[in-house]
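Let me begin by presenting the structure, written as structure tokens, before commenting on it.
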Amino acid sequence: MVSFDFDAAVVGAGAVGLACGYALARRGQSVVVLEAGARFGEGVSSRNSEVIHGGLYYPTGSLKARLCVTGRRALYAFLEAHDVAFRRCGKLVVFNGPEELARMDGLLAQARTNDVEGIAPLTADQARSLEPELRCDAALISPESGIFDSHGYMLALVGEIEAHGGALALSTPFERAEALPGGGWSVLAGGADPTRLSARCLVTAPGLGAQAVAALIDGFPAGSIPAAHFGKGVYFRLAGRAPFDRLIYPPPIPGALGTHYRRDLGGQAVFGPDLEFVPAPDYSVDPGRAREFAAYIRKFWPGLPDGALQPDYAGVRPKLHGPGEPQPDFRIDGPEAHGLEGLVALFGIESPGLTSSLAIGEEVAGRLGL
């Protein structure tokens, strides 16, 4: 019988990689999570809206539709059990003007098809009775949407992995992997103390680095690695009182959910992200974008004071489509996609990846036969 250092090696210690490690560890697998950075969750997982998505928008039968709803239900239970801060504040999707109103029935039908609980249409008066400063012609309410402490969530996942005998290896970049005769993987991990380890299974979930990591796996067919695109989004924080308790979203835009509002766990109002395709990750925020943001926000909040938006932070999403192209589904590629046994490679895990993370972990474990 072949002996391995670990049952599973996971590449990437963002929310999704840690959730994969947790799903495997709770099945009794010995797990090591390899992270190139000095801390976990410093990539995509630390530069997002921290929104718990209801699962309204995603196409019928897609991984996003299924894993978002399943993941959201599991996430609330996990946060409560681990005393991680969250607020099930609900969300209003607001519609202004004939063009947006024409999309409302389709979004409502899709949400119900996706088994999103509590979704309902509201008149303008009903929406304003919930949020008096809101302007809209109609709205959809999603009571299961919310916000949470994503860092606290990832810290709890690390704790669970370690409690089940697993390990998190920081400052340990993935260098290369090759299949072993008879099954399993030999993995070279770099950093200040390079090492080679063996694992029966390999999972790659490095977010923005997914394509680069796949290219370092011996035998991974180049034609199975999707093109990488980087979708940058910036955020602006409001100087002043938060105007709404609930999340406020416009209808989705091509390629993203659109610039939205949230009141964070500290009580401050944040708007964003927008979407700009960039050639490489870039986290700068141009203060001049505030004027464009303000014009967009005033469609649903005409009371936004002049000069109240302050540049905050930016995030970059790992997209599988470019400008003007339809937004594809998550890619969770097992041997049926790349022909390599004992390997699951994740690509394009952007929104709603954070909400879906626990369900993604379960999906990965299932595809490994565990």
Taking [Y]'s backbone N and O only, do any of them form a donor-acceptor pair with [X]'s side chain (distance below 3.5 Å, no angle check)?
X      : Y      : value
Asp264 : Val270 : no
Ser356 : Ala359 : no
Asp274 : Thr259 : no
Glu131 : Asp245 : yes
Arg135 : Lys299 : yes
His260 : Gly272 : yes
Ser30  : Phe6   : no
Arg331 : Leu320 : no
Arg298 : Leu304 : yes
Arg103 : Pro252 : yes

[atom1]-[atom2] distance between [X] and [Y], expressed to the nearest 0.5 angstrom:
X      : Y      : atom1 : atom2 : answer
Tyr313 : Arg237 : OH    : CZ    : 7.0 Å
Arg196 : Glu178 : CZ    : CD    : 5.5 Å
Gln29  : Leu368 : CD    : CG    : 8.5 Å
Cys201 : Leu370 : SG    : CG    : 5.5 Å
Thr70  : Leu75  : OG1   : CG    : 12.0 Å
Ser357 : Phe78  : OG    : CZ    : 9.0 Å

Qualifying residue, where the test is side-chain contact (heavy atoms from CB on, under 4.5 Å) with Ile141 and the options are Val93, Ile119, Leu130: Leu130
Quick check on side-chain contact (heavy atoms from CB on, under 4.5 Å): which of Thr172, Leu202, Val33 does Val11 satisfy it with? Leu202
Below 30° counts as parallel, above 60° as perpendicular, anything between as tilted: where do the rings of His229 and Phe277 land? perpendicular
Can you classify the ring geometry of Phe271 versus Trp301 as parallel (below 30°), tilted (30 to 60°) or perpendicular (above 60°)? parallel
Does Arg27 come within less than 4.0 Å of Glu362, counting only side-chain N to carboxylate O? yes
Quick check with a 6.0 Å cut-off and a 45 degree axis cone: is Arg26 positioned over the face of Tyr22's six-membered ring? yes
With a 3.5 Å cut-off and no angle check, do the side chains of Lys64 and Thr355 form a donor-acceptor pair? no
Under 3.5 Å, is there a donor on one side chain and an acceptor on the other for Ser49 and Tyr235? yes
Report yes if some heavy atom in the side chain of Ile332 is under 4.5 Å from a heavy atom in the side chain of Val344; otherwise report no. yes
Side chains of Ile297 and Tyr261: closer than 4.5 Å at any heavy-atom pair? no
Between [X] and [Y], is there shared hydrophobic-cluster membership here, with clusters defined by ILVMFWY side-chain heavy atoms closer than 4.5 Å?
X      : Y      : result
Val10  : Trp185 : no
Met154 : Leu24  : yes
Val187 : Leu343 : yes
Leu340 : Phe174 : yes

Could you go through the salt bridge (charged side-chain N to carboxylate O under 4.0 Å, His left out) check for Lys319 and Glu325 one step at a time? CA-CA 11 Å; Lys319 290 190 169 289; Glu325 297 175 350; over 6 Å; no
Could you give me the CA-CA distance, side-chain angles and deciding distance for Val234 and Phe293, then say whether side-chain contact (heavy atoms from CB on, under 4.5 Å) is met? CA-CA 10 Å; Val234 301; Phe293 263 65; 3.8 Å; yes
Would the number of heavy atoms belonging to other residues, nucleotides or ligands and lying under 6.0 Å from CZ of Arg39 be above 12? no
Around atom CD of Glu336, are there more than 12 heavy atoms of other residues, nucleotides or ligands at under 6.0 Å? yes
Determine whether Glu276 and Arg289 satisfy the following criterion, salt bridge (charged side-chain N to carboxylate O under 4.0 Å, His left out), listing intermediate values before the conclusion. CA-CA 12 Å; Glu276 175 191 7; Arg289 301 290 289 276; 3.6 Å; yes
Among Arg246, Arg88, Lys91, salt bridge (charged side-chain N to carboxylate O under 4.0 Å, His left out) partner for Glu144: Arg88
